[in-house]
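Structure first, then comments.
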Amino acid sequence: MIERTVRVTVNGRRVEKTVEVRKTLADFLRDDLDLTGTHLGCEHGVCGACTVIVDGAAVRSCLLFAAQMDGHEIETVEGLANGETLDPLQEAFREHHGLQCGFCTPGFLMTLTCLLRECPNPSDAQVREAISGNLCRCTGYRNIVTAALTAARSRAASARP
Amino acid sequence: MKPPRFDYLIPRSLDEALGVLAQHGEDAKVLAGGQSLVPLLNFRLVRPAHLLDLNDVAGLAGIRVDDGHLTIGAMTRQRAVETSALVRERCPLLAEAMPQIGHVQIRNRGTIGGSLAHADPAAELPAVVAALDGELVLRSARGERVLTPDRYFVAYLTTAAEPDELLVEVRVPVTPPRTGVAFLEVSRRHGDFALVGVAATVTVDEAGVCTAGALALTGVGPTPVVARDAVRTLVGARPTPAAFEEVGRRVVAGLRPDGDLHASSEYRAQLARVLSARALARAAERAAAGAERAKSDRR
Amino acid sequence: MPAIGRSVRRLEDRRLLTGRGKYAADFRLPGLLHGAVLRSPHAHARLGEIRSKAALALPGVVAVVTFDDLGDVGRIPTRLGHQAGNVVCLQRPLASEKVRYVGEPVAFVVAESRYLAEDALDVMEVDYEPLPAVADARRSVEAGTPVLHDAVGGNVATTLHTRKGDATAAMAAAHVRVRERLAVQRHTGIPMETRGLTAAFDAGTGMLRLWGVAKIPHFNRRVLADLLGHPEHLIQFTELEVGGGFGVRGEFYPEDFLVPWSAKRLGRPVQWIEDRREHLMAANHSRQQYHDVEIGFDRDGRIVALVDHFMVDLGGYIRTHGVVVPELTAALLPGPYRIPHYTAEARCVLTNKTPTGTYRGPGRYEGTFVRERLMDIAARKLGVDPLELRRRNFITPDEMPYDVGGGALAQRTVYDCGDYASALDKALAALDYESARREQAEARRQGRSIGIGVGFLVEKAGLGPWEYARVEIDATGHVVVYSGVASVGQGIETTLAQVCADELNVSPEKITVVHGDSARVPFGVGGFASRGASVALPAALEAARKVRAKIFRVASTLLEAAADDLVLDDGAVHVRGVPDRRVTFRELARAAVPGPPDMEPGLYAAHFFEAPMMTYPYGCHAAVVEVDVATGTVKILKYAIAYDIGKAINPMIVEGQLVGALAQGIGGALLEELVYDEQGQLLTTTFMEYLVPTVMEMPESTEVRILEETPTPLNPLGVKGAGEGGSSGCGAAVANAVADALAPLGVSITALPLSPDRLSALIRAAGDSR
């Protein structure tokens with residue numbers, strides 16, 4: 001086949017689209033669903049800017065085809081905030097200056113969102129390991145690590161009764 | 001950097017997939033995790049007429065132990081192997097190598113079979129399977145055959161699989177007691193393909209005498225290099241640092257690695273020597289600790 | 001609480017964190033077409049026939065543009081570092097007759113999607129007649145080497161000379177002379193967002209609009225107007241979010257002509273988004289220099305002369321930066337030291353490689369490596385502690401302003417102020433130098449190789465000649481700042497808001513900042529050369545002051561009170577002691593048109609801040625590294641930067657700039673290199689080969705000390721600039737630390753990057769020679 005109709009759930013919303021099979025998931029999100037928060041920095045799976053969450057796992061959306069996503073659940077940066085209220089991780093990035101130009105940021109947010117679900121109280125080393133597949137050219141990473149650790153603490157604090 | 005046109009096929013069963021390969025094998029590429037293949041597609045360095053996606057084929061993923069072997073289905077995600085308690089317990093070398101493959105986003109999608117089928121000599125998994133004398137199970141519409149690593153890995157990015165054959169699972173022997181393992185590598189950056197990587201195991205008896213060892217290297221030849229003869233010199237004695245260094249020297253004696261952008265031939269040889277000695281030392285240390293533990297458990 | 005000096009949270013962040021920021025590739029128009037560039041696979045070749053028939057026959061392919069279609073198109077002019085003789089080396093938007101580097105644009109394909117445009121590239125046919133290529137500047141200058149541009153009559157485009165005193169005589173009389181060959185490798189900025197542009201032409205009005213421009217929109221609009229022969233007022237440039245600049249992004253490149261040209265010709269909007277492979281071969285490279293440098297000392301270890309002969313590899317053409325990188329290298333090579341006699345000769349050499357431009361700290365990263373490495377080598381030869389040697393030679397605060405002897409960017413290098421010895425002390429304290437030395441000694445006893453090194457740098461910032469700002473209270477009472485600066489992701493919106501906030505007594509969060517739009521901001525120079533804080537902010541500050549005066553003027557009329565009795569508070573003015581007698585900004589803005597008779601109508605004001613002289617921030621990098629001698633790998637254990645920027649408007653942003661720049665500096669020191677083979681093929685065309693540092697390559701700990709010890713007298717804020725100093729000293733500090741670690745082995749470090757392969761080769765060679 002050269003086209004396929006896929007039914008996917010994106011940020012909780014069900015979508016049905018017919019796509020050319022060679023279209024990457026990243027281009028599908030950006031062009032067909034207008035979710036341009038997922039960025040393309042290299043298109044060969046190194047930079048991590050296009051990281052999204054598929055079925056709970058952080059993956060490179062430049063290395064997947066939209067045609068493969070039938071029946072799957074996708075989360076992107078646009079799904080993190082609750083209306084105008086930032087997610088604690090987003091809030092921590094703002095508070096700790098974890099972004100400058102912001103281009104790589106969605107990829108970091110999605111990678112760390114996954115980490116904090118799997119490992120709610122990560123060590124500094126675990127955070128570094130988790131984001132080692134995401135390139136940032138502006139921040140030098142230090143504030144990103146701080147933001148992630150802070151977000152973990154604030155999540156833990158808000159989870160306490 | 002957008003992929004060229006291809007015909008996309010997404011079979012639901014292994015038979016269906018093998019049928020497609022029987023028909024289109026020469027012009028088809030098999031898509032597993034896609035972490036190596038899709039970059040090549042995006043660069044248009046490969047232009048298959050057909051892309052055969054295995055992700056919906058039932059029954060190709062899973063980890064089990066039977067018959068003294070750990071068996072891993074080809075479509076098992078690398079991350080699943082990394083986090084598997086069974087793997088950690090029964091095949092610690094594999095468990096140690098897994099986190100050194102790429103990054104978590106890669107391992108979340110990348111598969112065991114995909115990496116072994118891609119046969120990159122810089123990759124960790126081929127070396128691990130080679131060090132452990134694993135078995136690679138190939139299936140086609142014609143039947144099944146089982147290959148040892150030395151027969152399966154043929155050349156750079158090339159395996160013995162025929163165009164109609166599919167790697168369906170890999171088996172490695174369960175690691176015997178009093179065995180220490182280590183996987184060490186040097187890469188330019190964390191998560192990059194290693195310049196050289198070394199998989200090592202050392203088994204000792206209750207007296208601490210080495211009874212077996214294995215060593216396989218990435219990045220020093222067109223396929224994983226297994227240093228059987230060099231390691232044999234350890235057997236029959238209590239391992240010493242001098243002995244490990246001697247193994248390291250023997251390992252490189254026969255090597256003429258190709259140089260590239262990041263590592264000259266001389267440097268790769270140097271790494272092979274240094275990392276072999278270090279990996280064996282670490283493995284032996286762990287083996288000794290394991291033997292101590294076993295002793296104290298019995299007491 | 002004043003906003004200036006406070007780590008105000010950034011105004012930019014909310015949209016960027018929620019995926020709402022629109023970058024170049026996120027911009028959409030109905031009927032948008034997509035371009036792709038056909039690039040030369042040859043480093044040097046005669047260009048023959050280009051056959052587009054097969055491409056045009058593909059479904060969805062709209063046009064193929066080649067040089068012959070462009071008519072009499074000019075060359076892309078220089079923006080900085082102009083030399084009259086270099087015009088023949090300037091690049092045209094598409095190759096004609098010859099290609100001179102791998103990646104040079106040969107044709108531009110336009111199709112209904114990027115996928116289809118790439119399908120078209122696959123079937124384009126071009127006849128090339130390959131010519132011998134030269135990929136090494138050192139070979140390029142030899143006789144008999146292939147010549148790139150016949151009109152140059154060789155491959156040396158220009159030789160630049162700097163002279164202070166009589167260095168030859170002083171060197172001859174020196175007590176000790178130290179001469180070294182030092183080299184810095186080709187690497188570059190690599191913003192995470194590749195370049196991209198969208199253009200649309202309205203045939204009815206003649207208006208040509210561009211989105212996704214960056215850095216210098218006003219300058220580039222003029223260049224485009226000239227190249228297209230299109231009236232400037234009928235071109236509108238609009239910046240979107242910019243995913244990093246670093247000197248590379250926003251210069252006028254061939255594609256910046258091809259996209260609007262095609263949109264105009266086709267009558268449909270055209271978008272081109274560079275891919276990463278293209279970026280690595282098409283966007284400016286930088287940094288590649290070879291120095292043959294000699295320094296002379298008197299008996300007391302005081303520098304008497306510095307003589308540097310260096311070569312800069314320009315690549316195949318001269319681009320918009322002209323020869324500004326060699327200029328800056330020579331202008332700041334002396335750094336913080338009193339050097340009475342100084343000569344530099346810079347040969348600007350053409351090679352069959354990607355053309356070059358500036359990259360964060362241009363000339364300073366290279367020059368600092370050369371000078372600071374040389375100081376360490378000299379210290380060893382003199383038998384003096386390297387820190388003591390530096391202290392002995394620092395220019396002192398009472399010698400300021402200090403004329404270094406050279407110049408760049410059409411001005412002499414005159415340091416405005418500085419206390420270098422203090423910055424060195426602060427960096428050493430931040431590193432905890434004494435205990436680092438103790439730990440080093442202890443580690444050596446255990447057989448571990450730890451080294452400590454410093455790199456002292458003098459930066460330049462605040463390049464003029466001016467910047468424009470306009471501050472306005474709109475009719476709904478909102479404060480708007482229009483600035484001629486451009487964003488490259490550095491947080492300039494926030495700091496612009498901060499300086500206006502204090503003048504107008506509103507919180508910065510309530511201020512809107514507009515920049516990078518030629519229709520809304522009529523004048524501007526742009527965002528580069530660490531000029532935002534020291535040139536754009538003073539412009540905004542002065543404009544805000546003028547508006548403040550107008551607010552009081554209008555309010556005193558409305559409230560019938562003397563201006564001295566009025567209080568400005570949170571978007572309103574009231575009479576002191578009588579809070580009820582108040583008017584809001586909204587009311588004031590409406591009353592200000594036309595307003596009192598003796599006032600220029602409208603609650604707004606513009607200001608041009610002129611900066612004829614640059615300011616010179618300075619600082620010190622200090623590193624502790626460990627080298628695994630058996631594998632040649634380097635780990636940075638601890639890092640410290642002390643950097644004096646006069647005044648930090650937003651310390652959080654300043655620290656972010658320094659640590660971010662440091663990552664790039666570490667990339668240059670250890671990882672990043674654009675490698676060519678002898679035939680001029682670029683071998684590093686993906687992120688698998690070109691290695692940008694990840695979090696794992698960053699130091700285990702980084703201490704930053706922002707110093708405000710010497711505010712500059714050159715602007716009312718006292719602020720210098722923080723964009724580049726976090727990078728410039730890093731190659732030097734890391735190299736010195738590695739050299740220190742390996743000193744017992746007799747290894748000498750003279751080139752970057754310090755890859756494990758190269759270090760191992762040096763260690764092996766040192767072992768063989770002992």
Side-chain angles (χ1 to χ4, degrees), chain A residues 20 22-23 27 30-31 34-49 76-81 84 86-87 89-91 93-107 109 124 127-145, chain C residues 7 9-10 12-23 25-28 113-115 189-194 241-246 273 275-277 279 487-491 652-653 655-664 666-667 686-688 692-696 698-699 702 726:
Chain A
E20 195 184 358
R22 64 168 163 166
K23 181 171 274 191
D27 282 338
R30 295 174 45 77
D31 296 341
D34 206 25
L35 294 170
T36 55
T38 297
H39 298 148
L40 286 167
C42 75
E43 296 182 281
H44 54 277
V46 180
C47 80
T76 72
V77 68
E78 287 90 346
L80 289 183
E84 293 305 305
L86 297 181
D87 169 81
L89 183 63
Q90 292 170 309
E91 197 58 65
F93 264 65
R94 188 171 126 78
E95 189 60 26
H96 294 281
H97 194 27
L99 70 157
Q100 288 182 29
C101 84
F103 190 80
C104 69
T105 309
L109 291 173
D124 182 271
V127 170
R128 283 171 172 252
E129 171 71 36
I131 62 170
S132 65
N134 290 74
L135 299 179
C136 170
R137 200 59 167 162
C138 293
T139 64
Y141 303 102
R142 194 171 65 153
N143 291 346
I144 296 176
V145 175
Chain C
S7 292
R9 299 298 172 261
R10 300 199 325 163
E12 294 89 340
D13 288 356
R14 189 167 278 275
R15 62 177 190 266
L16 301 181
L17 285 163
T18 51
R20 291 176 189 158
K22 288 273 176 272
Y23 297 83
D26 305 337
F27 188 75
R28 302 282 186 272
S113 77
R114 174 76 188 199
Y115 286 76
I190 315 289
M192 290 315 300
E193 184 197 20
T194 57
E241 302 294 347
V242 177
F246 315 124
I273 303 300
D275 68 34
R276 185 54 68 183
R277 179 172 46 183
H279 182 86
S487 167
V488 284
Q490 74 277 55
M652 175 187 84
I653 288 180
E655 185 157 336
Q657 284 291 311
L658 292 172
V659 177
L662 172 62
Q664 293 187 310
I666 289 171
T686 79
F687 273 169
M688 306 283 278
V692 168
T694 76
V695 67
M696 305 301 260
M698 291 299 287
T702 306

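Here is how names work: the chains are called A, B, and so on, in the same order as the sequence lines, proteins then strands, and each is numbered from 1. Heavy atoms only: backbone and side chains are in, while hydrogens, waters and symmetry mates are out.
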Output the option from C:Thr194, C:Ile273, C:Ile653 having the highest count of non-hydrogen pairs under 4.5 Å with chain A.
-> C:Ile653

With only heavy atoms counted, which part of C:Glu241 is less than 4.5 Å from chain A, the side chain, the backbone, both or neither?
-> neither

From CA spacing to verdict: side chain to side chain contact (heavy atoms under 4.5 Å, CB included), C:Asp26, A:His39 | CA-CA 9 Å; C:Asp26 305 337; A:His39 298 148; 3.8 Å; yes

Has C:Met696 got more than 12 heavy atoms of other residues, nucleotides or ligands less than 6.0 Å from its CE?
-> yes

Applying a strict 4.5 Å limit to non-hydrogen atoms, the region of C:Ile190 in contact with chain A is both

Flag the one option from A:Glu129, A:Glu84, A:Glu91 with the top tally of heavy-atom pairs under 4.5 Å to chain C.
-> A:Glu84

C:Leu17 versus A:Gln90, closest heavy-atom pair with distance = O-NE2, 2.7 Å

Quick one: sort the C:Phe687 and A:His44 rings into parallel, tilted or perpendicular, breaks at 30° and 60°.
-> tilted

Working to the nearest 0.5 Å, report the span between SG of A:Cys42 and CE of C:Met688.
-> 9.5 Å

Region of A:Ala81 that comes under 4.5 Å of a non-hydrogen atom in chain C = side chain

With side chains defined as the heavy atoms from C-beta onward, is the minimum distance between C:Thr686 and A:Val46 less than 4.5 Å?
-> no

Side chain, backbone, both or neither: which part of C:Arg20 has an atom under 4.5 Å from a heavy atom of chain A?
-> side chain

Out of curiosity, A:Arg128 CZ to C:Met698 CE, how far, rounded to the nearest 0.5 Å?
-> 8.5 Å

Mark yes or no for whether C:Tyr23, through its side chain, and A:Gly102, through its backbone, hold a donor-acceptor pair below 3.5 Å.
-> yes

What pair of heavy atoms forms the shortest contact from A:Glu43 to C:Asp275, and how long is it?
-> OE1-CB, 3.8 Å

Comparing C:Met652, C:His279, C:Arg15, C:Glu12 against chain A, the one with the most heavy-atom pairs below 4.5 Å turns out to be C:Met652

Engaged part of A:Leu80 at the chain C interface, taking heavy atoms whose separation is under 4.5 Å | neither

Is it the side chain or the backbone of A:Val127 that comes within 4.5 Å of chain C heavy atoms, both, or neither?
-> neither

When the 4.5 angstrom heavy-atom criterion is applied to C:Ser487 and chain A, the contacting part is neither

Residue from A:Gly37, A:Gly140, A:Gly45 scoring the most non-hydrogen pairs under 4.5 Å with chain C is A:Gly140

Among C:Gly491, C:Ala663, C:Ala25, which has the most heavy-atom pairs under 4.5 Å with chain A?
-> C:Ala25

Quick one: side-chain contact (heavy atoms from CB on, under 4.5 Å) partners of A:Thr139, sequence neighbours excluded?
-> A:Gln100, A:Cys136, A:Ile144

Counting heavy-atom pairs under 4.5 angstrom with chain A, the leader among C:Ala661, C:Gly21, C:Pro191, C:Gly656 is C:Gly656

Under 4.5 Å from any heavy atom of chain A - which part of C:Pro693 = both

Hey, which of A:Glu78, A:Glu20, A:Lys23 has the most heavy atom pairs under 4.5 Å with chain C?
-> A:Lys23

In this structure, which one of A:Asp31, A:Thr36, A:Asp34 forms a side chain to side chain donor-acceptor pair (under 3.5 Å) with C:Arg28?
-> A:Asp31

Check C:Tyr115 against A:Arg22 and note the closest heavy-atom contact, atom names and distance.
-> CE2-O, 3.5 Å

Closest non-hydrogen atoms of C:Val692 and A:Leu135, given as atom of the first, atom of the second and distance, are O-CD2, 3.9 Å

Which atoms of C:Val659 come close to chain A, meaning under 4.5 Å heavy atom to heavy atom: side chain ones, backbone ones, both, or neither?
-> both

Looking at CD of C:Gln490 and SG of A:Cys101, how far apart are the two atoms once the value is rounded to the nearest 0.5 Å?
-> 10.5 Å

For the side chain of C:Arg276 and the backbone of A:Gly41, is there at least one donor-acceptor N/O pair under 3.5 Å apart?
-> yes

Side chain to side chain contact (heavy atoms under 4.5 Å, CB included) assessment of C:Glu655 paired with A:Arg142 | CA-CA 11 Å; C:Glu655 185 157 336; A:Arg142 194 171 65 153; 2.3 Å; yes

Exam field: side chain A:Arg94 to backbone C:Arg10, donor-acceptor pair closer than 3.5 Å | yes

Examine whether an atom of C:Leu658 lies under 4.5 Å from a heavy atom of chain A, and if so say whether it belongs to the side chain, the backbone or both; otherwise answer neither.
-> neither

Residues A:Arg137 and C:Gly189: closest non-hydrogen pair is NE-O, 2.7 Å

Over all heavy atoms of both residues, which pair between C:Gly19 and A:Val77 is shortest? Give the atoms and the distance, please.
-> CA-CG1, 3.8 Å

Using a 4.5 Å cut-off on heavy atoms from C-beta on, say whether the side chain of C:Arg9 contacts that of A:Glu95.
-> yes

When heavy-atom pairs shorter than 4.5 Å are enumerated against chain C, which of A:Leu86, A:Leu89, A:Leu40, A:Asn143 gives the highest number?
-> A:Leu86

Excluding sequence neighbours, so at least two apart, what forms ring-ring contact (aromatic ring centres under 6.0 Å, His included) with A:Phe93?
-> none

Can you tell if the side chain of A:Thr105 reaches within under 4.5 Å of the side chain of C:Leu16, non-hydrogen atoms only?
-> no

